[in-house]
Amino acid sequence: MPVKTIIEPFRIKSVEPIRWTTRQEREQLLRAAFYNLFLLPADDVLIDLLTDSGTGAMSTRQWAAVMEGDESYAGSRSFDHFRDSIQEIFGYKRVIPTHQGRAAERILFNVACKKGDVVPNNTHFDTTRANVEYVGAEAVDLVIPEGRQPSLKHPFKGNMDVAALAELIENTGRARIPLVMLTVTNNSGGGQPVSMDNVRQVSALCRKHRIPLYFDACRFAENAYFIKLREPGHESKTPKQIAQEMFSYGDGCTMSAKKDGMANIGGFLCTNDDSLAQLEKDLLILTEGYPTYGGLAGRDLEAVAVGVQEALREDYLQYRIASTAYLGNHIAEQGVPIVQPPGGHAVYIDARAFLPHVPQDQFPGVALAAELYLEGGIRSVEIGRLMFGGAAKMDLVRLAIPRRVYTQSHIDYVVEVILEVWKNRERIQGLRLSHEAPYLRHFTARLEPVERAVAR
Ligand SMILES: Cc1ncc(COP(=O)(O)O)c(C=O)c1O
């Protein structure tokens with residue numbers, strides 16, 4: 001009989017201790033952090049599921065490559081490794097390194113967009129939306145209607161609504177749409193994949209109107225694996241072949257290598273447009289660095305060059321997708337409302353359904369995230385009203401799984417804590433804002449329990 005258990009496809013060579021705190025300590029820590037888990041010291045977190053960004057464990061091959069880093073200011077050999085590895089997968093002519101994804105976004109939108117423009121995306125991630133809006137353009141989310149219904153199961157809930165995109169192009173006019181973006185997988189919409197068929201349709205529409213198509217490629221490998229698992233005709237292809245085909249339908253991408261680049265820092269911007277690339281490099285030199293390092297050390301370029309290839313390994317992707325589904329399915333079986341099916345890098349709890357007694361303007365997602373910390377020292381993040389303000393379509397709590405970091409027993413612990421909170425959900429109260437910044441307010445916002453705010 002073939003063995004069915006999917007195991008971590010690695011063994012552990014170096015360990016990092018984690019620290020327990022008491023509930024009483026966590027109550028104090030939470031108050032000191034103004035109920036915003038971004039403001040907690042990481043040492044006071046037991047299981048950190050705040051993000052899968054830059055929090056992964058690098059492999060022995062990546063660490064070996066780090067030692068090969070060429071730190072030359074210009075013409076570094078490490079840049080050649082970086083560019084060649086990326087081009088093999090992504091296929092774009094120009095590869096511009098940046099220190100992380102948002103730097104690629106800032107450069108792209110500064111160069112390609114102007115005030116009054118409109119940028120459609122399946123769902124903009126927060127930094128993507130902020131960078132579009134910063135240049136005075138409008139960020140429009142056009143995910144399919146199924147993608148907005150958390151409990152509904154659909155294999156490709158990250159798909160773009162092609163009819164809505166056609167209508168937007170018709171009404172806005174091609175001249176005001178400098179590019180269309182597809183986020184693979186769709187992080188803010190629940191880590192849900194985009195199908196190859198949808199990529200083809202969006203690409204055909206963009207080509208018809210001569211609008212460039214860009215990928216927000218952060219989780220391209222996970223998206224490729226979902227296509228292999230769920231889309232007929234792709235079963236026998238490798239994740240790399242699928243990724244190559246997907247990118248062939250576009251004109252460029254932004255990428256945070258802190259996700260499927262398997263690195264702790266890094267990113268890049270790709271394009272097939274030479275004149276755009278020139279403008280992008282001019283801006284890069286002003287703010288990031290020379291085009292053969294773009295704000296990264298040579299060793300970081302080496303880590304990414306190896307990492308993007310490792311992210312496409314089938315044994316890794318099988319374990320990755322299975323372990324996320326394990327967490328999602330175990331809590332969903334007990335009634336916890338989650339975005340279905342579980343995403344690639346994260347499980348998203350539907351906080352509005354979890355806490356129906358907490359009004360939306362009292363941040364149910366932030367309140368639930370705070371309770372998970374109180375109960376078990378778990379750090380998660382709200383993706384909802386605090387992050388997106390009135391534009392939020394859902395209030396989700398994201399439990400993002402760092403790559404190659406936690407074992408099955410850590411995940412079993414997380415399941416137990418969530419189920420305990422689920423049992424006592426009625427006593428969780430809402431929060432209100434006491435301080436907010438003008439941009440990306442969720443990173444620094446301060447909140448307080450509604451009851452206390454009223455009593456003062
Ligand atoms: C879909 C998506 N796009 C862009 C970014 C921004 O990348 P970075 O954090 O490297 O700036 C992220 C980060 O989480 C993301 O998930």
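Just so it is clear, the structure is predicted and the values come from calculations on it, not from any experiment. Order of appearance sets the numbers: ligands from 1, and atoms from 1 within every ligand.
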Within-shell test, G267 vs ligand 1, heavy atom, strictly < 4.0 Å: no

For ligand 1, which atoms sit closer than 4.0 Å to a heavy atom of [X]?
| X | result |
| --- | --- |
| T183 | 1 (C) |
| R102 | 7 (O), 8 (P), 9 (O), 11 (O) |
| G101 | 7 (O), 8 (P), 10 (O), 11 (O) |
| N187 | 1 (C), 15 (C), 16 (O) |

Distance-minimising heavy-atom pair for [X] and [Y]:
| X | Y | value |
| --- | --- | --- |
| P178 | V119 | CG-CG2, 4.4 Å |
| V347 | P342 | CG2-CB, 4.4 Å |
| Y290 | G75 | CE2-N, 4.4 Å |

Do any N/O atoms on [X] end up under 3.5 angstrom from N/O atoms on ligand 1?
| X | answer |
| --- | --- |
| Q100 | yes |
| R219 | yes |
| T127 | no |

Using a 3.5 Å distance criterion without hydrogens, assess whether the side chain of N198 forms a donor-acceptor pair with backbone atoms of M160. yes

In this structure, is the centre-to-centre distance between the rings of F10 and Y316 below 6.0 Å? no

State yes or no: are the ring centers of Y293 and Y73 separated by less than 6.0 Å? yes

Protein residue, atom and distance nearest to [atom], heavy-atom basis:
| atom | result |
| --- | --- |
| atom 10 (O) of ligand 1 | S256 OG, 2.6 Å |
| atom 5 (C) of ligand 1 | F125 CD2, 3.5 Å |
| atom 4 (C) of ligand 1 | E105 OE2, 3.1 Å |
| atom 3 (N) of ligand 1 | D216 OD2, 2.7 Å |
| atom 13 (C) of ligand 1 | K259 NZ, 2.4 Å |

Give me the one residue out of R313, R403, R219 that meets salt bridge (Lys or Arg N to Asp or Glu O under 4.0 Å) with D260. R403

Hey, can you tell me if F82 and F79 have their rings parallel, tilted or perpendicular (30° and 60° cut-offs)? tilted

Kindly assign one of parallel, tilted or perpendicular to the pair F247 and F90, based on the angle between their ring planes and the thresholds 30° and 60°. parallel

Check K258 against ligand 1 and report side chain, backbone, both or neither, counting heavy atoms closer than 4.0 Å. side chain

